[in-house]
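Report on the structure given below.
To find a chain, count down the sequence lines: A is the first, B the second, and so on, and within it residues start at 1. Excluded from the calculations below are hydrogen atoms, water molecules and symmetry mates; all remaining heavy atoms, backbone and side chain alike, are included.
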Amino acid sequence: MSGLEYFVVESPEATGKAYYERIAGDVLQDLNLLQVVEKLHITVDPKVPLFVAVGVTRKLPSQVRVRDFAAVVPLESRITLSIGDETYLAPLLTLLWDRYGKAEVDQPDRFTVVVTAPGVTAQEIEDLVVLDPTGSLYRDLMYALICIQPEGFKVRKQSYGDGRFFFVASEDTLPEDVVQTIVAEKFRLIGVEL
Amino acid sequence: MIFEPVTYKGGVYRYEEIVELIEDLGGYIVQLQQIAGDIIIQALVPRADIEMMRQIAKPLNGTVTLSPLVGTEIAVVSPSLEIHHLPHASCDVAEYLRRFGAKTNMVGLARGFGKRIAQLNVEERDIINEHDCAIYVLGNFQECIHHKFTALRRGIHVPIVLTGAPSKEDLQQCVDPPVEGYVGGMGRMAHRAKRPEELEKLEEMAAEVSRVLEVRRTEIAKDPLSVMPPRLMQVVLEKLPAIHDVTSPTPVTVQMAGLRVKLPYETYARDVRDLEIEHGIRVRDVADVLPSRMRTYIWVRVKPFSETHVMV
C-alpha cells in the first residue's frame, strides 16, 4: 500500500487475505491515515477466531498551545491575545470560556481576545493546550481498525502510546496473557520489541 | 400467451402511445416512472409483440430491452446495517438488480454477523419469505460462511442466492444442503464496485439471480396461478381508490406469485378481498390476503389453479 513502509496481512485463507488487504487500504485512505501509519501488520484467523492489528505511527504533529498562534500581552489587570492564525480561534474561545467564564473573556474584534479574569498570568495562558492532534488521531485509528476487522468480533482490546498501537478482537473472551503473547509476537515481525 | 418482461426507456414525447400499445397488446405495466424528461416503463408484454413494440418505439427515440427481473421482488440480505456491509457490497447488489427491473428490499439482520453468534430472528425470516428470492451478501471467509450460513438460512423457503469472497466451487462445498445459486468472488469491500472485474461480477450475479428465478417461473408454470399478479395489480389500481393516496414509488409491488399492497392491513384487507376481478370472481376466491410482516402492508398470495380450479 502506498504511503506505508510496511504493510502485511496474513490469514490462512488466501482469498480472505487479498480482500482484507484492499479493505485496509480503502479504510486507511478514506480516513486520511495513510500518512500517519508507518507500519501495519494485520492477522485475521477466522478459525480461532482472532483479528490482530499491530502498527507503528509516524512522528505526530505536536500539541498546539496558545503561544504557537497568538501573542499574549499583559497590561494592568487584562491580558490581550493578538491572534495570528484564526484556525484555532474557535477552540481557544471555548477553552477560555470554560476556564474563566464568558464574563471574563471579551473579543472586541476578529483578531483580538481580552481576558480580564483576576490572578491569571500571561505565562499560564501561553501554555494552554488548544488542540491535541494525538487524541483525535487515536480515535480515528481505532475507528479505522473497527471498520477493517470482521464485524462479529465484538470482544476487543486496544492500546496506543509511544508511537505504536495494537488492536485485538475476537468473538470470544480474550485471556490477558494470550493477548500479550500474540501482540508481542506480531510486534516483533515489524521490528518492535515490547 | 407468454409474457416477456421488458423495460421501455424514452422521452415524454408521445410516450402515451407506448402505454396504449402495451394495454392494447394485453400486456401489463408494472411500473411507470417519469424522471425529469425521461420515461421508464417496466412492463410484461406478449413475447410475439416485442419486435413490433421496438419498431413503434424507434421514431420516439425509445428503446425496448428485455429485463428478466421485472415483476419480481428480491430480498438483499445483509448480515447487519453497519459500515462493514453497507453501503458498498449490499447496495451495489441491490442497485444493480434494479437495473434489470427487480424491486429490491434490503434486509439488514439484527444479529447476522459473527461466525458463532450469527442468528436470524422470526420477523426477519418471515420478511425474507415474503419475497421471490433472497440474496445473501456474505463476507470474505469460507470458514465463517460455512458456520453462520446454517443459522441464517433456517426457515427460509424461498430460493437463495449466496454471494461471498470464496470461489463459486468453494461456496458450493461449504454450504450443505445446497442453495439455488452461488456467486463467488464477491465479498465484503470498503469501496463501490467500479473496476471492470467488479462490474463483471455484478453482471454474473444478475445472471445467476435471473437463472434462479427462471427455474422458479418454470415451477410455477407447472401449476399455473389462478390469476397473473400484474392483472391483479391492475384490478387493485382500478377499483381501490385509496391506493392512489399512497406516496410510495410502487404502491402495489408485483411479485412472481403475489402482490404487496402498501395499505394498512387492518383497514383495507376486507376491501382487497372483496375486489371483483371478473364475472363475480373476487380476490378472496383466487388469493390469500395476509398481513405482511413489512410495516402494516397487505400481502396477497395468489393460489395455484390446482387449489382454486379457477383461472381468470
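Neither the backbone nor the side chain of B/His88 comes within contact range of chain A, judged by heavy atoms closer than 4.5 Å. Heavy atoms of A/Asp30 lying under 4.5 Å from chain B belong exclusively to its side chain.
Under the 30°/60° scheme for interplanar angles, the aromatic rings of A/Phe187 and A/Phe166 are found to stand perpendicular.
Under the 6.0 Å distance and 45° angle rule, A/Lys154 counts as a cation-pi partner of B/Phe113.
Using a 4.0 Å cut-off between a side-chain N of Lys or Arg and a carboxylate O of Asp or Glu, B/Lys201 and B/Glu204 qualify as a salt bridge.
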Next item on the list: Dump the intermediate steps for salt bridge (Lys or Arg N to Asp or Glu O under 4.0 Å) on B/Arg99 and B/Glu95, then the final yes or no.
Entry: CA-CA 7 Å; B/Arg99 294 184 192 188; B/Glu95 190 195 310; 3.4 Å; yes

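Between chain A and the residues B/Pro79, B/Ser80, B/Ser167, B/Pro166, the largest count of heavy-atom pairs under 4.5 Å involves B/Ser80. For the set A/Pro150, A/Gly152, A/Ala14, the entry with the most heavy-atom pairs within less than 4.5 Å of chain B is A/Gly152.
A ring-centre distance under 6.0 Å is found for A/Tyr20 and B/Phe141. Side-chain rings of A/Phe153 and A/Phe51 stay apart, their centers remaining 6.0 Å or farther from each other.
For the residue pair B/His84/A/Gln149, the side-chain donor-acceptor check at 3.5 Å is not satisfied.
By a heavy-atom distance cut of under 4.5 Å, B/Lys115, B/Arg116, B/Ile117 are the residues of residues 115-136 of chain B near chain A, going up by number.
Taken from CZ in B/Arg188 to CD1 in A/Ile148, the straight-line distance is 8.5 Å, to the nearest 0.5 Å.
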